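Down below is the structure, laid out as structure tokens.
Every chain is numbered from 1, with letters handed out A, B, ... down the list of sequences. Not measured: the values here are computed from a predicted model.
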Amino acid sequence: MADNAWPRSPRTSDEGAELSDSGQSSENGVIHLEIGGETAEEKEKRLAWALRKKPLTSKDRALRLEAHKTHVIALLASARIRNRWCNNMLLKARLLSLLPHPLQSAFNIPPSRFPDRAQRSRLFFDALQSLATWWSQSFFDVSDDTLGLRTRPWDEVQGIVDALPRLTRREILGTSFGSRGDSLDELEKLSTNSGGERLRSPNSLMKKVLQQEGSRDVMAQLFVALARACGLGARLVTSLQAIPWRAEKQSTPKKKKGAGRNGQSLASRQGNGPASDNEDDEEDDMEEVPIPSHTEDSDGGKAPRNNTKKATIRQAGRRRHIDPADVYRLRAPKPPPQTPSTPTAARKRPELLSNQPPVFWCEIYSRSDQRWIPVDPVRGTIRKKSHFEPVSDNGSVRMLYVVAYEEGESRRDVVSNTPDGHARDVTLRYTKNFGAKTSKLRVPLRKDEEDWWSEITAFLQRPNRLQRDELEDAELETSQFSEGMPLHLNGFKDHPIYVLERHLKREEVITPKREIGRFKGEPVYRRSNVVSCKTAENWMRLGRRVKNKEEPLKWVKQRAVTLQKRRMQELALQERGEAVQQGLYAQWQTDVYIPPPIHNGEIPQNSFGNIDLYAPTMLPAGAVHLPYKGIAKVAKALTISYAEACTGFEFKKQRAIPVITGIVVAKENERIVLDAYWESAAAAESRERVKKEERALKRWVKLINGLRVRARLQEEYGGSGQVGTADSAFR
DNA sequence: CTGGACTACGATCCTTTGAGGCAA
DNA sequence: GTTGCCTCTTTGGATCGTAGTCCA
């Protein structure tokens, strides 16, 4: 308002001289008025408010959700393909040939030789730990810590998408292959520039085996292949790094770097002096896999041996790095040079992942324990399920969906290449606060809709459940219940297990109201004791009626949306001085409404002159529903008792409009009414056809007359000159 | 100084049965 | 006289997500 220039009044310009006396005028008779004084501070505040980052619109949110879902599915598919690659016979054979024999034979723990189950279990863990240690410290190196899947913020992905050349529909469909290839190349360049990695076939994995180095993702995948080669039940586990759909808290630019690193890294490196600005350079020097600190304590007596081994390995690693004869070193995965054609300033080195928990890992089935054992092939740890969840919720690696792919049901599956690799959602095993935190980052549940994620996982699950599936389900469920109560108020919101009364929805009631704990003095209840209630009218809309003598579980203020309702409410407020309340009932307080049967073919009508038919069960016995448009007129002409069927409501302009779907008549009248209806419908149709024909004939007459006029004109006045088009002849 | 709680604001969902006038 | 169509009218409140502010 303040900056706008307003003509003070509709005076003409020759009065401008008079205006200039007011002191604020400009030459052309327009003066500037400031309405409502505003200090500079206020103005600044107002502008900042206008320029603030607006909350997402519903359209944005829907778009993000779709992008998130699509990405999740793509990642699932990708992981499934990698999982299948891990079954590749040649790959497994090659890995097995490189494995020192004692490491493999350590898994040979037959119950015949070791009758004690606990002992078998111990031996198995030892063997597994040795394998993981050998793998992570002797055999395989992470060559480039910037390579690997990770979560990217929405804006970053948007930037990448914006930098892509725009594809036309035809290009996407592949008719012009050349330009499509170019675009794919460009896409690949962009993705590798930001830490992506492209493997085309199991052969690519094979190459990494020979190189004995690769990204940490590949490292985990190859370990799965190795474990399968050893005959172990091995799952490829992955934490899907899908693009987040929620609006991110915008981080202040200067802080971004520090915030990106999570606390784990700083903790493990504390004592190295204050984190300086050249932190990145320091980390570039750390070519080795971070040595897990817990190896020693979990491994007791073996520790010294491991240490010496580690030392030699490190030397070997370094030797390899400087060996000029090493062909593979020459092709070290280095970020390609930046192309000047894409001037995105945001294109910088992708963040190191060495401080982040892995995205791919492994689960090995322990027969003696009948449990899946988490193995981290990158850090060389086993049985550390809590080490996979990142500390930060908005870092480069997040944990929302953790999916475990199995090898396949049987060897036959693998050989015959039938769809293998059933998968299970094992997120509960790895998250500490699933209910309070993780579940809220997923695709939100929608009312009256199946949960999207459970629909997706249903596709992946083994159709015939095995005993170990049941056992695992029980384990995961226990872990969810042992998760404990949230520590913060927000955690209780939409928590799958706990509720506070203050977070109840309007129509929700806790019953039975059994307190299971306290949060800051507030009683905590079970989510499973929350029931959703409805008013008696709403139950009727579903074809249910509140049973006799049932008392409402809850009283709430009545809602008034239509004008009529609101007026009634105001009236009541004035008369009695209190708002109209309405009672809510739970489903178990209702039963299916069965209307009284009809007598003598008479269809009862309600006060609106129709019959309520919100559900098929609301049709009275002895009556039929004839859902045809215009049938009421027929029944009326026949003077047969009927009622229009109200099957629902349309709501517009604060007015509820009943949806009428045909009529209800007595069963004995059905034949008569239907016959008459078909007859009248046929008559109406033929009338319509006659009308249509007449219209068509009229048009033909008009056209032919027009043409005749045109021909005559041409004949009389024509010759070589332009007489005009047929169009003009009609004017 | 950090992070949880609270608050403001906008979007979205819930709601659930006209009357009068005019022309065909 | 009946029927169908058009127009008029008025615009809440709970709840949720987001982002900023406040305070322990």
Which nucleotide sits closest to the side chain of [X]: [options]?
X      : options               : result
A/R246 : C/dT18, B/dC6, B/dT17 : C/dT18
A/K505 : C/dT15, B/dA5, B/dT17 : C/dT15
A/R502 : B/dC6, B/dA5, B/dT17  : B/dC6
A/R559 : B/dC14, B/dA5, B/dT17 : B/dC14
A/R506 : B/dA5, C/dT15, B/dT17 : C/dT15

Mind calculating the distance between [atom1] ([X]) and [atom2] ([N]) to the nearest angstrom?
X      : N      : atom1 : atom2 : value
A/L504 : C/dA14 : CG    : P     : 16 Å
A/E537 : B/dC14 : CD    : P     : 17 Å
A/L613 : B/dT16 : CG    : C1'   : 16 Å
A/R64  : B/dA11 : CZ    : P     : 16 Å
A/L489 : B/dT7  : CG    : P     : 12 Å
A/E644 : C/dT3  : CD    : P     : 12 Å
A/N606 : B/dT17 : CG    : P     : 11 Å
A/Q558 : C/dG12 : CD    : C1'   : 13 Å

Please determine whether a side-chain nitrogen or oxygen atom of [X] lies at a distance below 4.0 Å from atom OP1 or OP2 of [N].
X      : N      : value
A/K493 : C/dG17 : no
A/K557 : C/dA14 : yes
A/R541 : B/dC14 : no
A/N538 : B/dT15 : yes

Take atom [atom1] in [N] and the same atom in [M], then report the distance between them in whole Å.
N      : M      : atom1 : result
C/dT7  : B/dT16 : P     : 28 Å
C/dT9  : B/dG21 : C1'   : 15 Å
B/dA11 : C/dT11 : C1'   : 16 Å

(request) Inspect the contact between A/K534 and A/E507 and indicate whether a charged nitrogen and a carboxylate oxygen are less than 4.0 angstrom apart. (result) no
(request) Any pair with a residue in residues 628-651 of chain A that passes side-chain hydrogen bond (donor to acceptor under 3.5 Å, both in side chains), sequence neighbours left out, goes on the list, sorted by first then second residue, please. (result) A/T647-A/T661
(message) Could you identify the nucleotide paired to C/dT11, looking across every strand shown and requiring Watson-Crick or G-U wobble geometry with both distances under 3.5 Å?
(response) none
(request) Measure the spacing between CZ of A/F434 and OG1 of A/T427 and express it to the nearest 0.5 Å. (result) 6.0 Å
(message) As a test of understanding, state which of A/L149, A/T151, A/L240, A/L75 forms a side-chain contact (heavy atoms from CB on, under 4.5 Å) with A/V359.
(response) A/L149
(message) Under 6.0 Å from the ring centre and within 45 degrees of the ring axis: does the NZ or CZ of A/R541 meet both conditions for the six-membered ring of A/Y614?
(response) yes
(message) Under 4.0 Å, counting only non-hydrogen atoms across every strand here, what does A/D612 touch: a base, just sugar-phosphate, or nothing?
(response) base
(request) Look at all strands and tell whether A/K633 reaches a base, only sugar-phosphate, or nothing, counting heavy atoms closer than 4.0 Å. (result) sugar-phosphate
(message) Tell me every residue that passes side chain to side chain donor-acceptor pair (under 3.5 Å) with A/Y430, counting only those two or more places apart in sequence or in another chain.
(response) A/W361, A/E363
